[in-house]
Amino acid sequence: MSLPSTHSNPAYPTSRSPSEKYWQASRSPGANGLGGYGFSQSAGVTNNLNNFFSGDRTLPMYKDKPYFAPRRTGPRLRRRRALYLGIIITALVSLWYYISSSSRSPWTSDSAKGEELWTWAQSLDGTEQRYDGIPSRNIDWDSRRQKVRDAFIVSWDGYEQYAWGFDEYHPIAKKGKNMIEGGMGWQIVDALDTMMIMNLTSRVQHARTWIHNSLQYNQDHDVNTFETTIRMLGGLLSAHYLSTSYPNLAPISDDDIGSPGEDLYLEKAADLAERLLGAFESKSGIPYASVNLNTSAGIPSHADGGASSTAEATTVQLEFKYLAKLTGEANYWRIVEKVMQVVDEQQSPDGLLPIYIYPDTGKFRGENIRLGSRGDSYYEYLIKQYLQTSEDIYKDMWDETLTGIRKHLITYTKNAKLTVLGERQSGLKGPLTPKMDHLACFLPGTIALGATGGIPLSDAKKSSEWTRRQDEEIRLAKELMKTCWATYVATKTGLAPEITYFEINTPHVTEIDQYPDSTLATGQNQKAASKDLPLASEAIYPLGSESATWQQDINIHAQDRHNLQRPETVESLLYMYRITGDETYRHWGWEMFKSFIKHTAVTEKITSHDEIDPEDDGPRARIISFTSLSNADVIPPIQRDNMESFWMAETLKYFYLLFSDRDFISLEENVFNTEAHPMPRFRPSGDLKTGWTRKGLSS
Ligand code: DMJ
């Protein structure tokens with residue numbers, strides 16, 4: 001394998017100074033038994049609040065040893081006994097590997113879950129308890145989250161049974177397919193941390209064994225730089241993080257001889273990252289769209305004049321910076337922050353970027369500005385970079401950009417005053433197109449996350465640093481959340497289309513028109529009012545009522561009616577629920593989840609009941625998987641034979657967390673990458689620090 005050695009580049013110092021105690025852990029168990037994160041569990045949210053506003057969050061722990069060195073802590077005797085045991089286990093693992101490499105895994109899929117879920121799905125006929133706009137206090141959220149776990153088990157077991165090891169899963173054909181010859185572990189690695197979070201220990205073990213035995217990156221194939229970073233690198237890093245920092249989740253004993261090395265996920269992550277680095281070797285430092293895994297050569301996009309998507313090129317920092325933290329390799333840090341510097345040097349008005357960028361020059365291509373496809377996660381990573389490492393420069397960029405979004409991209413529908421996040425397809429001087437990709441629905445939750453830093457709104461509002469501007473951001477987040485929810489309720493299946501258009505006035509109403517006394521209009525930030533700001537939009541009830549005013553504001557074009565089981569709306573619901581504490585968001589999520597179960601399930605008939613006893617009133621079918629839809633606006637929906645990896649990595653994870661306690665994988669301690677892989681927030685030190693300043697600004 002020939003990989004360019006980036007380590008020798010003098011511009012990117014890699015040595016760790018002795019004062020950087022990366023390897024010193026602070027693993028004293030916290031009050032919740034999850035280990036210490038440098039956060040005082042008992043200090044409560046007030047402490048966290050102060051930390052957020054002062055940027056004084058403390059260091060995370062990582063490891064108590066040099067990286068990659070195996071840890072063996074047990075006494076000798078135990079080791080010898082374990083050696084014999086190890087031989088037996090190795091033989092069993094080899095046998096398992098042999099069988100699992102063949103078309104069908106030895107895993108017995110939990111078909112009872114599929115039957116149960118099918119029976120339950122039959123009861124979802126509209127007569128079951130549905131949300132009527134009034135949040136109920138007597139809901140058993142735990143049993144609802146178990147339903148999500150069941151849906152995950154069915155999805156995973158189906159994949160395991162019919163497509164084990166393949167990157168793509170086509171559940172109707174019951175087949176898998178690889179994206180590159182030997183496969184990349186696309187489904188397995190992306191879903192791994194969800195299984196940890198759901199405490200699915202034996203499935204995690206199976207996945208881990210596969211990663212150990214079968215996952216090889218030394219393949220002569222081109223892969224998408226961004227997708228590989230967010231899904232594979234992000235998935236491995238998150239698996240490393242959860243397995244080392246949340247030992248109670250899907251525990252696996254590191255000391256068992258015969259089990260894969262304890263640093264398996266980190267080793268794989270570092271191997272993959274080294275290969276991805278070649279993508280950044282352009283003249284400007286903006287990564288190429290693709291990279292060859294074996295040679296590490298960056299490859300420009302074959303379309304768009306060789307330009308990379310802006311979102312793709314700029315959504316790499318959380319992953320590489322966390323890896324820099326874990327390994328002490330400052331090179332990873334420098335390379336990805338350089339991307340931010342190049343983008344910022346273009347001085348795009350109000351922080352709004354066109355959706356293509358040339359790796360050779362660092363200049364943008366075209367003028368199309370949107371927070372949907374090709375634009376989305378650039379904006380997401382502005383605030384998340386700040387939350388991950390407390391670097392003020394990114395908060396500054398986020399604040400400027402959010403003001404730009406409010407000034408140039410926000411408008412309201414004609415009838416119900418739904419808030420719309422539009423597009424500027426011909427630049428800021430051109431008209432606003434009232435179109436929202438489902439992808440853009442990450443924004444409401446991200447705005448709320450940026451406003452409070454992840455702590456509850458009720459606590460954030462007590463801070464002396466809370467102002468009217470932040471109240472307005474929360475209002476915007478609530479309004480956009482409602483719009484995203486409306487795109488679900490608007491279709492016959494209750495599942496949103498890929499793209500929605502809205503009816504608006506000409507000229508369009510801006511946020512300044514709608515709220516002439518806002519800080520945006522006056523330029524004066526004031527002290528916040530004690531009450532939350534009221535919303536201007538109409539309520540979206542009763543559910544599904546076609547005569548409702550807001551329905552007249554929504555247009556779905558024939559070519560946009562597909563639903564790929566995307567996560568963005570439930571992702572935002574999770575943030576909105578955790579931050580505002582408003583149960584409405586959980587109720588909306590539950591309605592959405594039921595629609596997914598009802599309409600995206602792939603079922604198979606059970607014939608054995610008929611054979612045994614025709615009177616048997618047991619289930620007549622079972623759910624074996626879930627799949628994308630080609631048309632979500634017709635009953636029955638038209639199914640498309642593909643289960644995207646983000647269904648298990650993101651959508652189901654966010655549903656599960658939405659119905660969990662708000663402290664579980666808390667927003668105060670973690671930051672989720674754009675593929676829903678949680679990573680710790682940490683305070684960088686030594687060589688890991690902001691290495692650039694904004695032009696004309698001293699940061
Ligand atoms: C995911 O892969 C990521 O969330 C990405 O940033 C955008 N799209 C998909 C899911 O819709």
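Both counts, for ligands and for their atoms, begin at 1 and track the order of listing. Numbers here are sequence positions counted from 1.
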(message) Ring centroids only, cut at 6.0 angstrom: are W398 and Y386 within range, meaning strictly under it?
(response) no

among protein heavy atoms, the one nearest atom 6 (O) of ligand 1 is T674 OG1, 2.7 Å

Min heavy-atom dist E571 to ligand 1 below 4.0 Å: no

- Query: With a 3.5 Å cut-off and no angle check, do the side chains of R662 and Y577 form a donor-acceptor pair?
  - Reply: no

In ligand 1, the atoms that come under 4.0 Å of a heavy atom of R231 are 2 (O)

Salt bridge (Lys or Arg N to Asp or Glu O under 4.0 Å) filter on E479, not counting sequence neighbours, yields none

| So with a 6.0 Å cut-off around CD of Q559, is the heavy-atom count from everything else above 12? | yes

Ring-plane angle category for F659 and W590, please: parallel below 30°, perpendicular beyond 60°, tilted otherwise.
perpendicular

Contacts satisfying side chain to side chain donor-acceptor pair (under 3.5 Å) that involve residues 307-319 (not counting sequence neighbours) are N224-E312, S309-R374, T315-S377, E319-Y381, E319-N673

Under a heavy-atom criterion of less than 4.0 Å, does E380 contact ligand 1?
no

the protein heavy atom lying closest to atom 7 (C) of ligand 1 turns out to be L439 CD2, 3.8 Å

Any heavy atom of E650 under 4.0 Å from ligand 1? The part involved is side chain

Ligand 1 atoms nearer than 4.0 angstrom to some heavy atom of P567 are 10 (C), 11 (O)

Exercise for review: Would you please indicate if the ring centroids of Y488 and W588 are separated by under 6.0 Å?
Suggested key: no

re atom 2 (O) of ligand 1, the protein heavy-atom contact at minimum distance is E675 OE1, 2.5 Å

A student checking ligand 1 against F646 at a 4.0 Å heavy-atom cut-off should list atoms 2 (O), 9 (C), 10 (C)

the protein heavy atom lying closest to atom 10 (C) of ligand 1 turns out to be E568 OE2, 3.2 Å

